[in-house]
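Down below is the structure, laid out as structure tokens.
Order of appearance sets the numbers: ligands from 1, and atoms from 1 within every ligand. All figures in this text were calculated on a predicted structure; none of them were measured in a lab.
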Amino acid sequence: MVQVKNICCIGAGYVGGPTCAVIAYKCHHIKVTIVDLNTDRIAAWNSHQLPIYEPGLDEVVFERRGKNLFFTTEIEDAVNEADLIFVSVNTPTKKSGMGAGFAADLVYVESATRGIASVAKSSKIVVEKSTVPCRTAESMRTILETNSTGNLRFDILSNPEFLAEGTAIKDLLYPDRVLIGALQTPEGRKAQQALAEVYANWVSTDRIITTNLWSSELSKLAANAFLAQRISSINALSALCEATGADIDEVAYACGRDARIGPKFLKASVGFGGSCFQKDILNLVYLSEQLNLPEVAAYWKQVVDLNEYQKKRFVERIIKTLFHTITNKEIALLGFAFKKDTGDTRESAAITLCKHFIQERATVRIYDPKVADEQIFLDLTEPGIVITRSPYDASRNVDAIVIATEWDEFKELDYTRIYKNMKKPAFIFDGRLILDADKLQKIGFRVHTIGRKENEK
Ligand code: NAD
Ligand code: UDX
């Protein structure tokens, strides 16, 4: 059996960094080198201020960095030394050309694959860690086999990543499952086993699932589609709750107590964000269309459409409530990240909200505990935003507060102090259902919560 002793990971992002840092943390006998083209990102991984915020990540990286964990831009050397290479590069939605707006852009996967082929001097196991359309592994194998020199062997595995941001380290240390797909040939199974042995250093074998390549690739898209579908389902019901007087948290609880439904991932919100859900569903939609399955495509597309509707619906509720105009009004936006415990803003609902507010010529005073100012300026190039250092500063003299991210600290604020410093009537719109509406109402706030009628609990 092949024993993996040296791993290279191409792509030092939200997935490559934490995933391979945890492998180094759990497998001291394996040398792990994470490479990237982005020199600033690699410099940050080698500094005290890591390029991404993730609870528990610093401890893992600082413990193993320089011992069996390395970050470098010297891609060629790292690829050559490795016996197993993770390809963990970005696969964003295509912006132009065929499949624009839906298909995954595979340009980075292809260039990483060609890079491996052009420098490899020995046989390798190449692992798709990026989320890719079904059958990408086949393209990778063809590129590797037709572009490498000598008599080298490349076994391609699919090992999709299921970590969620904000809980990445916990998810990696205690995964529900690890999925490894391989061609069902003797060599494919051997490679599959070699990667399974790496994970077996800390994951019990009953949690390591082995499948064929295409099942593994499709399972990743399917898992994200299922999860996002639950959020769109609860958000669709939240609109019904607002119209009827039912309370969405109560409905979620009542439904979630059915063991077949389960309680997780039923929190209504202003809409899901993050770099994965929308991208991966659109990818699935495109795949279905390409396979001439328009009904399947339409079914999954609706999950994304409902998410857009939810954001728009929330904005409309805010404008209507603020006497049908927010022009020249000031709005405090609490939270800019797409969820709590991350500084990531990719596809954050907060961005959509801000753009709508700015279009209506309101001023938005933004506070987020982890998102960097530069990131906000990259996401919002329009004038009309003010970045603030505290929720108290953000809400000073504003007409309304909008909760866009469920940061724990927003539950514990001194709302009496905030109320005193706001214009009256003082409105608060809870897009995350984290606030105690009764308590706020007693202070004097007019409270609007997603999935509830005004001030009704
Ligand atoms: P990211 O943008 O944070 O990181 C990707 C990195 O790859 C970048 O730093 C980029 O510079 C580097 N890169 C691109 N091409 C390269 C090349 N040829 N050589 C070297 N480096 C190269 O992306 P991410 O969030 O880490 O996502 C990576 C993949 O994992 C995507 O396919 C994504 O869908 C998937 N995924 C992401 C998450 C998540 O929570 N972010 C979870 C599961 C799966
Ligand atoms: C997701 C998947 O959970 C993970 O398995 C996959 O590997 C990558 O995509 P991530 O996007 O990092 O992870 O975070 P997740 O916790 O899934 O949240 C995604 C979005 O859904 C966030 O905006 C979150 O606030 C929202 N959400 C989540 C809800 O609105 N309600 C919920 O009940 C759960």
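At least one cation-pi condition fails for Arg65 and Phe71: the charged atom is not both under 6.0 angstrom from the six-membered ring centre and inside a 45 degree cone around its axis.
Of the heavy atoms in Arg230, none comes closer than 4.0 Å to ligand 2. Residue Ala168 does not touch ligand 1, judged by heavy-atom distances below 4.0 Å. Counting heavy atoms under 4.0 Å from ligand 2, residue Asp171 does not touch it at all. Contacts of Leu227 with ligand 2, taken as heavy-atom pairs under 4.0 Å, involve the side chain alone. In Val89, the parts holding a heavy atom less than 4.0 Å from any atom of ligand 1 are both the side chain and the backbone. By the criterion of a heavy-atom distance under 4.0 Å, the side chain of Lys220, and not its backbone, is placed next to ligand 2. At a 4.0 Å heavy-atom cut-off, ligand 1 touches Ser130 through backbone and side chain alike. Heavy atoms of Arg346 found under 4.0 angstrom from ligand 2: none, in either backbone or side chain.
Residue-to-ligand polar distances keep Cys276 apart from ligand 2: every N/O pair is separated by 3.5 Å or more. Checked by distance only, ligand 1 and Lys129 stay at 3.5 Å or farther apart across all their nitrogen or oxygen atoms. The shortest N or O to N or O distance between Asn38 and ligand 1 is not under 3.5 Å. Between Arg346 and ligand 1, an N or O atom pair is found at a separation short of 3.5 Å. Among the atoms of Phe162, some N or O lies under 3.5 angstrom from an N or O of ligand 2. At least one N/O-N/O distance between Arg41 and ligand 1 falls below 3.5 Å. In terms of N/O distances under 3.5 Å, ligand 2 is approached by Gly273. Of the N or O atoms in Lys220, none lie within a sub-3.5 Å distance of an N or O in ligand 1. Considering backbone and side-chain N/O atoms, Glu161 never comes within less than 3.5 Å of an N/O atom of ligand 1. Checked by distance only, ligand 2 and Gly274 stay at 3.5 Å or farther apart across all their nitrogen or oxygen atoms.
The pair Glu81-Lys31 meets the salt-bridge criterion, with a side-chain N (NZ, NE, NH1 or NH2) lying under 4.0 Å from an Asp/Glu carboxylate O. A salt bridge is defined here as a Lys NZ or Arg NE, NH1 or NH2 lying under 4.0 Å from an Asp or Glu carboxylate O, and Glu217 with Lys220 fails to meet this definition. A salt bridge links Lys340 to Asp408: at least one charged side-chain nitrogen sits closer than 4.0 Å to a carboxylate oxygen. Under 4.0 Å is where a charged nitrogen must lie from a carboxylate oxygen, and between Asp249 and Arg452 at least one such pair does. At a threshold of 4.0 Å, the pair Lys301-Glu289 does not count as salt-bridged, since none of the basic side-chain nitrogens sits closer than that to a carboxylate oxygen. Under a 4.0 Å N-O distance rule, the pair Lys129/Glu161 qualifies as a salt bridge. We find that Glu242 and Arg317 are joined by a salt bridge, their nearest charged nitrogen and carboxylate oxygen being less than 4.0 Å apart. A salt bridge links Lys355 with Glu382: at least one charged nitrogen is closer than 4.0 Å to a carboxylate oxygen.
Glu128 and Ser216 share no side-chain donor-acceptor pair at under 3.5 Å. A donor and an acceptor atom, one from each side chain of Ser269 and Lys339, are nowhere located under 3.5 Å apart.
Not a single heavy atom of Gly115 sits less than 4.0 Å from an atom of ligand 1. The shell of residues lying under 4.0 angstrom from ligand 2, judged by heavy atoms, excludes Glu347.
Nearest non-hydrogen protein atom to atom 41 (N) of ligand 1 is Glu165 OE2, 2.9 Å. Among protein heavy atoms, atom 33 (C) of ligand 1 sits closest to Lys279 NZ, 3.8 Å. Of all protein heavy atoms, the one lying nearest to atom 33 (O) of ligand 2 is Lys267 N, 2.9 Å. The closest protein non-hydrogen atom to atom 7 (O) of ligand 2 is Leu163 O, 2.7 Å. Protein heavy atom nearest atom 25 (O) of ligand 2, with residue, atom name and distance: Arg432 NH1, 2.7 Å. Counting only heavy atoms of the protein, atom 32 (O) of ligand 1 lies nearest to Thr91 OG1, 2.6 Å. The protein heavy atom nearest to atom 44 (C) of ligand 1 is Thr131 OG1, 3.5 Å. Nearest to atom 37 (C) of ligand 1 among the protein's heavy atoms is Val15 CG2, 3.1 Å. With hydrogens left out, the protein atom closest to atom 2 (O) of ligand 1 is Asn90 CB, 3.6 Å, a heavy atom. Among all non-hydrogen protein atoms, the one lying nearest atom 18 (O) of ligand 2 is Lys339 CD, 4.0 Å. For atom 6 (C) of ligand 1, the nearest protein heavy atom (residue, atom name, distance) is Asp36 OD2, 3.5 Å. When hydrogens are left out, the protein atom nearest atom 12 (O) of ligand 2 is Glu165 N, 2.7 Å; that is the closest non-hydrogen contact. Of the protein's non-hydrogen atoms, the one nearest atom 11 (O) of ligand 2 is Phe338 CE1, 3.5 Å. Protein heavy atom closest to atom 28 (C) of ligand 2, with residue, atom name and distance, is Ile231 CD1, 3.5 Å. At the top of the distance list for atom 19 (C) of ligand 2, counting protein heavy atoms only, stands Phe277 CE1, 3.5 Å. From the protein, the heavy atom lying nearest to atom 21 (N) of ligand 1 is Leu37 N, 3.5 Å.
If you run side chain to side chain contact (heavy atoms under 4.5 Å, CB included) between Trp45 and each of Ile52, Ile34, Asp36, Leu69, only Ile52 comes through.
Each of the following atoms of ligand 2 lies closer than 4.0 Å to a heavy atom of Ser269: 29 (C), 30 (O). Atoms of ligand 1 found under 4.0 Å from any heavy atom of Ala112 (numbered from 1 in listed order, with element): 18 (N). Atoms of ligand 1 found under 4.0 Å from any heavy atom of Ser275, numbered from 1 in the order shown, are 41 (N). Of all the atoms in ligand 1, the ones that sit under 4.0 Å from a non-hydrogen atom of Ser111 are 18 (N).
Under the 30°/60° scheme for interplanar angles, the aromatic rings of Tyr199 and Trp202 are found to be tilted.
If you check each of Leu266, Thr131, Val15, Asn224 against atom 2 (C) of ligand 2, the one with the closest non-hydrogen atom is Asn224.
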Please report the C-alpha distance between Leu227 and Asn224 in whole Å, then the side-chain angles of each, then the deciding distance to 0.1 Å, and finally whether the side chain to side chain contact (heavy atoms under 4.5 Å, CB included) criterion is met.
-> CA-CA 5 Å; Leu227 290 169; Asn224 272 353; 4.2 Å; yes
